[in-house]
Every structure is written in C-alpha cells, then in structure tokens.
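What follows is a single structure, written as structure tokens, with notes after it.
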Amino acid sequence: MSRKVTDNVVETGASDTSAPRHVTTIIVGSGFAGLGMAIRLRQQGRDDFLVLERGSEVGGTWRDNTYPGAACDVPSHLYSYSFALNPDWTRSFSKQGEIQNYIRSVAQRHDVLDNHVFDCDVTSIRWNNETTQWEIGSSKGAFTADTVVSAIGALCEPSLPDIKGINDFEGEIFHSARWNHDADLDGKRVAVIGTGASSIQIVPAIANKVASLDVYQRTAPWLLPRMDRPYLLPERLAFKHIPGFQRLSRAAIYAARETQVLGLTRLPVLMKGFEALSRAKLAIEIRDAELRRKVTPNYRIGCKRMLISNEYYPALDRDNVDVVTDPIAEVKAGSIVTKDGTEREIDALIVATGFHVTDSPVYETVYGRDGRSLAEVFDEIGQQAYKGSAVANFPNLFFLVGPNVGLGHTSMVYMIESQINYVADALATIAEQDLHTVEVRPEVQRDYNRDLQDKLAKTVWNTGGCASWYLDKHGNNTTLWPDFTFRFRSLTRQFDVDAYNVTTSAAARADDQKVVAP
Ligand code: N01
C-alpha cells in the first residue's frame with residue numbers, strides 16, 4: 001500500500017458510514033513515540049502504515065502543554081532523537097516552543113506527514129477473531145489493521161480532582177495541559193491546585209502578573225537547582241561543525257544522569273547528597289521560617305519525581321503568593337474553602353493535578369481476543385506488559401511508553417527509541433517469517449513482571465514514604481523502569497519471537513480455504 005492510503009482517507013472524507021479502510025499497521029498518536037515509529041517504518045522502506053493523531057499536528061505532550069513556563073527538565077542534547085541531533089538548541093534545557101518546533105521539523109524532514117491522519121480521535125480498538133484483524137473506530141471513520149502500535153503516551157489524559165463543587169466554579173478554570181490562552185490572568189486573584197512538575201513551572205511564570213496567587217499544596221516536592229543557560233555562539237558552532245562533539249556531549253549527559261539509578265534503585269544512601277543540596281537550596285531561597293516549614297518534604301528524595309527550578313521558591317516567597325496546606329473542602333462559585341473553614345476568593349482556578357496514568361480511560365476502549373478490555377484485564381492483574389510492549393490476549397498490538405518503561409531521571413526519548421527498535425524488529429519478523437499473529441505468552445509476561453516487581457520493591461519509589469502516580473491502586477509500581485536504561489536498550493534490541501505464541505499466514509490461508517471449500 002502506498003501513501004495514497006492517506007490521500008484516500010482525505011479524498012473520500014471517510015466517515016462513520018464508509019467501509020473500513022485497511023492498512024497493514026496503524027500507529028495511534030504522534031508524539032515523540034508515534035512519530036519516531038513512523039520514521040523507523042519509513043526508513044525500513046515501508047509505506048503501508050497510517051498514524052492516527054487526535055491533535056491537528058505532531059508533538060503529543062509538547063504540543064498540548066503550552067502553559068506559561070513550560071520547559072523540559074532533561075538537557076536538550078539528550079532530549080532528542082539519536083537519529084536527528086539538533087546542533088541549534090539555544091539553551092541547555094529547552095522550552096516547550098523550541099521542542100515542539102524540533103518535533104515538527106523532524107516530521108517534515110523525514111517525510112512522514114502524508115502518512116498522518118490529523119484531528120482523528122480514536123474511539124475504539126477491537127480485535128476481531130473472525131477476520132483476525134484489528135478494527136479501529138475513529139472520528140475520521142473506521143479502519144482495519146493487521147498490527148496496531150499504541151503510542152498514546154502516559155501523560156495525555158488530564159486528571160481532574162474530584163473536589164466538591166468544582167464544576168460549579170464560575171470563573172476561569174482549566175487544566176495545566178489544556179491552558180486557556182484567552183484567559184487574561186493579569187491582575188486577577190488566581191489559585192493553582194497541585195505542586196508537581198507542571199505547577200512549579202507555572203507558579204513563577206505568572207506570580208508577578210497576577211494580583212494574588214494561592215498555591216494549594218498537598219505534598220511538598222523536592223527541588224534541585226536548574227542548571228539552565230543559553231548556549232554561547234562558539235558552543236553552538238562547535239556542536240554544528242566539530243565532528244562528534246555533540247554526540248560526546250550527549251553521551252556525557254547520559255552517563256551523568258545514569259549514575260542516579262544506583263541511588264534511586266539500590267543504594268538510597270547515595271541520594272543523601274541530593275537531599276542535602278535540596279535542603280540548602282530551600283534555606284537560601286525562602287526567608288520565611290513558617291513558609292520553609294510548609295514546603296519542606298516529609299518523605300525521601302526521589303520517591304516522587306525530583307523537580308528542578310531556581311524560580312519556584314523565590315516565587316512562593318513573594319508577598320502576593322500564599323502556600324495553602326490545609327486540605328480543600330469545597331470549591332464555590334468564586335472561592336475555595338479549606339477544611340479549617342477559611343474561604344479564599346478567586347477569579348481563576350488552574351488545575352495542575354497531573355494525568356490518568358495507571359487508570360487511563362483509553363484502556364476502556366481497547367478490546368482483546370477474549371472480548372475483554374485492557375481496563376478489565378489490568379483491573380485484574382494490574383497494569384502490566386512484557387517489556388512494556390506487549391500484553392497477553394492482545395495479539396499484534398504493541399505499546400510504546402507502555403507499563404514500566406517510565407523514568408524520572410533521564411530522557412524518555414531514549415526509552416522510546418529502545419521500544420521502537422523492538423517493535424520495528426517485531427514487525428520485520430512478522431513479515432520475514434510470514435507470521436499471521438504474535439501474542440506474548442502469559443507465563444512469560446507473568447515471570448517478567450514478577451522480576452520487575454521484585455526489583456521495584458527495593459527502590460525509593462516504593463519505599464520512600466510518599467504516594468505518587470508511579471503506584472497503582474494496589475500499591476504496585478507499574479510505571480517505572482527499575483534499572484539502568486542501557487539494560488532496557490539491550491533487552492529490546494531484538495524481537496524475541498520465542499516469548500510469543502504465533503500463528504502463520506500459511507495456516508490462516510489454509511483455514512480460509514477450508515471455509516470456502518464445498
Ligand atoms: O502532575 P503531578 P504534573 N487535591 O501528578 C496534586 C511530566 N512533566 O502535571 O503530590 C489537591 O506530578 C498532587 O499532589 P500529591 C513529569 O513526568 C514534565 O505536575 O499527589 N492536590 C501534585 O502536587 C511529571 O511527573 C515536565 O499529593 C492534588 C499535583 O497535583 C508529570 O508530567 C513538566 C489533587 C500533580 O502533580 C506530571 O506532572 C511537567 C487533589 N485532588 C510535567 N490531585 C518537565 O519536563 C492531585 N493533586 C519539566
């Protein structure tokens with residue numbers, strides 16, 4: 001099949017009533033993961049794929065998170081594709097706009113945009129046992145596919161807090177990942193709920209514009225210095241013109257970051273240095289003793305994602321900013337009431353409360369071989385996959401950024417590229433060996449996850465005394481990778497077909513002939 005696949009979708013304006021359009025592989029989502037997968041397929045000489053993307057352009061989380069101050073907390077030269085290094089990064093830590101421009105330019109350069117269907121909201125993905133194909137329902141019509149790659153990411157479905165009265169708030173209200181740029185916050189009384197990675201960037205970006213800012217904190221984050229600076233012209237010239245300089249710099253950043261794995265997963269004592277640094281930062285940047293007490297974390301560093309900012313504490317220390325630690329009792333039409341009875345009037349409410357990660361609503365829309373949804377399967381066994389990429393009962397379905405491939409200390413793009421290696425090799429193996437279906441064997445998945453959970457049990461994420469989105473409702477850590485990332489790279493270097501139950505296309509053809517034979 002050729003690029004016309006997409007043209008046809010556009011030309012025929014496929015709607016819910018059109019016959020399903022068949023493509024060999026459908027990729028859902030075009031953030032770093034889905035786009036990288038599309039580029040790899042193109043590099044393999046394939047054009048029989050479509051990327052279904054609910055947004056109107058590529059970029060995923062970097063397209064959606066446009067809140068003031070949005071920037072990456074992984075250094076620019078590491079936070080990029082290995083096959084598309086960018087010598088032109090302007091800063092050591094990039095801002096959202098620059099990353100989004102980078103992703104856009106990579107998509108254009110690699111000529112995969114014609115394989116995209118934008119504004120295409122995928123509503124269901126269902127395995128059909130008769131046709132042994134995936135049936136995909138979407139806002140741009142129905143599709144069928146031999147293989148599906150889910151690249152929806154973990155941080156795409158905003159989680160709204162279940163607070164009494166919040167739906168009756170009459171001022172501006174929006175989630176950090178759906179920033180309303182039409183809302184004018186200048187001179188307004190604003191509240192932010194949450195003090196995670198998004199909030200600590202938003203708060204300093206708006207604190208000097210608003211009349212007052214109430215920051216509702218449930219758990220104080222640990223903060224480290226942000227070593228951000230603009231690159232000087234000689235550095236940028238060196239990145240561009242000295243062969244190997246940028247790769248060397250990237251490798252150095254990677255190695256430095258990887259040393260954190262020991263402290264996070266095996267030797268907690270190694271995190272003491274970070275903790276001391278963070279406490280010193282707090283002491284220097286916050287003058288008020290009571291405020292210092294309020295924002296001092298009460299769990300071990302690393303248990304939640306360590307955040308980096310040089311501006312957050314000084315913003316909290318401003319006269320027009322209050323940190324509220326009394327739990328929220330209720331939101332009213334124009335105010336927030338805390339459990340101690342205090343009512344604080346506001347004009348706008350920013351909800352920076354994170355995402356549905358272990359309970360993604362998308363899981364309710366994916367139905368496997370036995371008719372059960374991913375949500376039902378995960379409810380029973382917990383969110384889990386084999387190598388973060390395949391789930392028993394869901395043949396020919398692969399995940400990018402699936403369970404237990406997340407990280408807090410280094411670049412997710414590295415993990416994504418590892419998974420792309422694995423899935424690309426799986427698709428190549430299916431073609432080379434004339435396989436019809438591949439489905440990970442349940443016992444392989446079980447053993448793999450048992451081993452993962454054993455490792456995770458010793459990590460600071462599980463033992464550090466905090467609640468975080470890394471843990472699911474059973475208390476299992478089903479989001480993070482508990483080892484060096486190069487171990488994951490080596491685990492995913494090749495598709496291990498022996499871990500899968502397979503059927504061959506020859507057998508499928510023979511079955512078809514039996515059905516039509518008189
Ligand atoms: O979300 P979060 P986020 N009432 O889940 C609080 C990535 N990211 O959007 O800690 C009151 O971290 C919650 O409190 P608690 C990164 O991977 C990266 O900030 O659960 N409060 C917490 O303070 C990150 O980890 C970058 O007690 C409630 C906050 O809301 C992930 O995205 C930038 C509440 C949620 O924090 C998510 O970050 C931004 C309630 N009902 C994001 N419910 C960079 O690279 C939740 N909270 C820089």
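Since the model is a prediction, treat every value here as computed from it, not as a measurement. All values below come from the heavy atoms of this structure, side chains included, with hydrogens, waters and symmetry mates left out. Read the numbers this way: they start at 1 and go in the same order the structure lists the ligands and their atoms.
- Note on Asp322 versus Arg344: no salt bridge recorded, every NZ/NE/NH1/NH2 to OD/OE distance being 4.0 Å or above.
- Close approach of ligand 1 to Pro161 is summarised as follows: ligand atoms under 4.0 Å from at least one heavy atom of the residue are 40 (C), 41 (N).
- Those atoms of ligand 1 with a heavy atom of Leu155 less than 4.0 angstrom away are 7 (C), 17 (O), 31 (C), 32 (O).
- Between Glu57 and Arg63 there is no salt bridge, since no side-chain nitrogen of the basic residue lies less than 4.0 Å from a carboxylate oxygen of the acidic one.
- Within the 4.0 Å heavy-atom criterion, neither part of Ala70 lies near ligand 1.
- Scanning the protein heavy atoms around atom 40 (C) of ligand 1, the nearest turns out to be Arg218 NH1, 3.4 Å.
- Within ligand 1, the atoms closer than 4.0 Å to a non-hydrogen atom of Lys304 are 10 (O), 15 (P), 20 (O), numbered from 1 in the order shown.
- Under 4.0 Å from ligand 1, the heavy atoms of Tyr67 that appear belong solely to its side chain.
- Considering backbone and side-chain N/O of Ala197, one or more are found under 3.5 Å from N/O of ligand 1.
- Here's the thing with Thr219: one of its N/O atoms is less than 3.5 angstrom from an N/O atom of ligand 1.
- Considering both main-chain and side-chain atoms, Arg305 comes within under 3.5 Å of ligand 1 through a nitrogen or oxygen pair.
- Relative orientation of the Tyr386 and Tyr422 rings is perpendicular, given thresholds of 30° and 60° on the angle between their planes.
- Remark: ligand 1 and Asp73 share an N or O pair separated by less than 3.5 Å (distance only, no angle test).
- Arg487 CZ to Trp481 CH2: the interatomic distance, rounded to the nearest 0.5 Å, is 9.0 Å.
- Of the protein's heavy atoms, Trp469 CD1, 3.2 Å lies nearest to atom 5 (O) of ligand 1.
- Salt bridge annotation for Asp73-Arg226: absent, with no cationic side-chain nitrogen under 4.0 angstrom from a carboxylate oxygen.
- At a heavy-atom distance under 4.0 Å, only backbone atoms of Ala71 (N, CA, C or O) approach ligand 1.
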Item to complete: For Phe93 and Cys72, run side chain to side chain contact (heavy atoms under 4.5 Å, CB included): C-alpha distance rounded to whole Å, both residues' side-chain angles, the deciding distance at 0.1 Å, then the answer.
Response: CA-CA 6 Å; Phe93 288 82; Cys72 191; 5.7 Å; no
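- Residue Thr195 has at least one N or O atom closer than 3.5 Å to an N or O atom of ligand 1.
- For ligand 1, the atoms closer than 4.0 angstrom to any heavy atom of Gln201 are 33 (C), 48 (C).
- Closest to atom 1 (O) of ligand 1 among all protein heavy atoms lies Gly354 CA, 3.1 Å.
- Every N/O-N/O distance between Trp62 and ligand 1 stays at or above 3.5 Å.
- Annotation: side-chain contact (heavy atoms from CB on, under 4.5 Å) contacts of Lys209 (sequence neighbours excluded): Asp186.
- With sequence neighbours left out, the side-chain contact (heavy atoms from CB on, under 4.5 Å) criterion links Glu364 to Ala375.
- Ring-plane geometry between Phe239 and His77 is classed as tilted, the angle between the planes lying from 30 to 60 degrees on a 0 to 90 degree scale.
- Nearest protein heavy-atom neighbour of atom 9 (O) of ligand 1: Ser198 OG, 2.7 Å.
- Distance from atom 36 (O) of ligand 1 to its nearest protein heavy atom, with residue and atom name: Gly196 CA, 3.6 Å.
- Of the listed residues (Pro230, Ser76, Pro75), just one forms a side-chain contact (heavy atoms from CB on, under 4.5 Å) with Trp89, and that residue is Ser76.
- Ion pairing between a basic and an acidic side chain is recognised when a charged N comes within 4.0 Å of a carboxylate O; Asp288 and Arg293 show no such pairing.
- A salt bridge is defined here as a Lys NZ or Arg NE, NH1 or NH2 lying under 4.0 Å from an Asp or Glu carboxylate O, and Lys473 with Asp379 meets this definition.
- Taking a cut-off of under 4.0 Å to the non-hydrogen atoms of Gly194, the atoms of ligand 1 that pass are 6 (C), 23 (O), 29 (C), 30 (O).
- Proximity to Ile193 (heavy-atom distance under 4.0 Å) selects the following atoms of ligand 1: 11 (C), 21 (N).
- The backbone and the side chain of Thr353 each have at least one atom closer than 4.0 Å to an atom of ligand 1 (non-hydrogen atoms only).
- Not a single N or O atom of Ser199, backbone or side chain, sits closer than 3.5 Å to an N or O atom of ligand 1.
- No hydrogens or angles considered: nothing links the side chains of Glu157 and Ser360 as a donor-acceptor pair under 3.5 Å.
- Looking only at distances, no side-chain donor or acceptor of Glu311 sits under 3.5 Å from a matching main-chain atom of Pro204.
- Considering backbone and side-chain atoms together, Ala352 places an N or O closer than 3.5 Å to an N or O of ligand 1.
- In terms of modelled atom types and a separation under 3.5 Å, the side chain of Ser139 and the main chain of Asp121 share a donor-acceptor contact.
- Within ligand 1, counting atoms from 1 as listed, the ones closer than 4.0 Å to a heavy atom of Phe355 are 9 (O).
- In Gln217, neither the side chain nor the backbone holds a heavy atom less than 4.0 Å from any atom of ligand 1.
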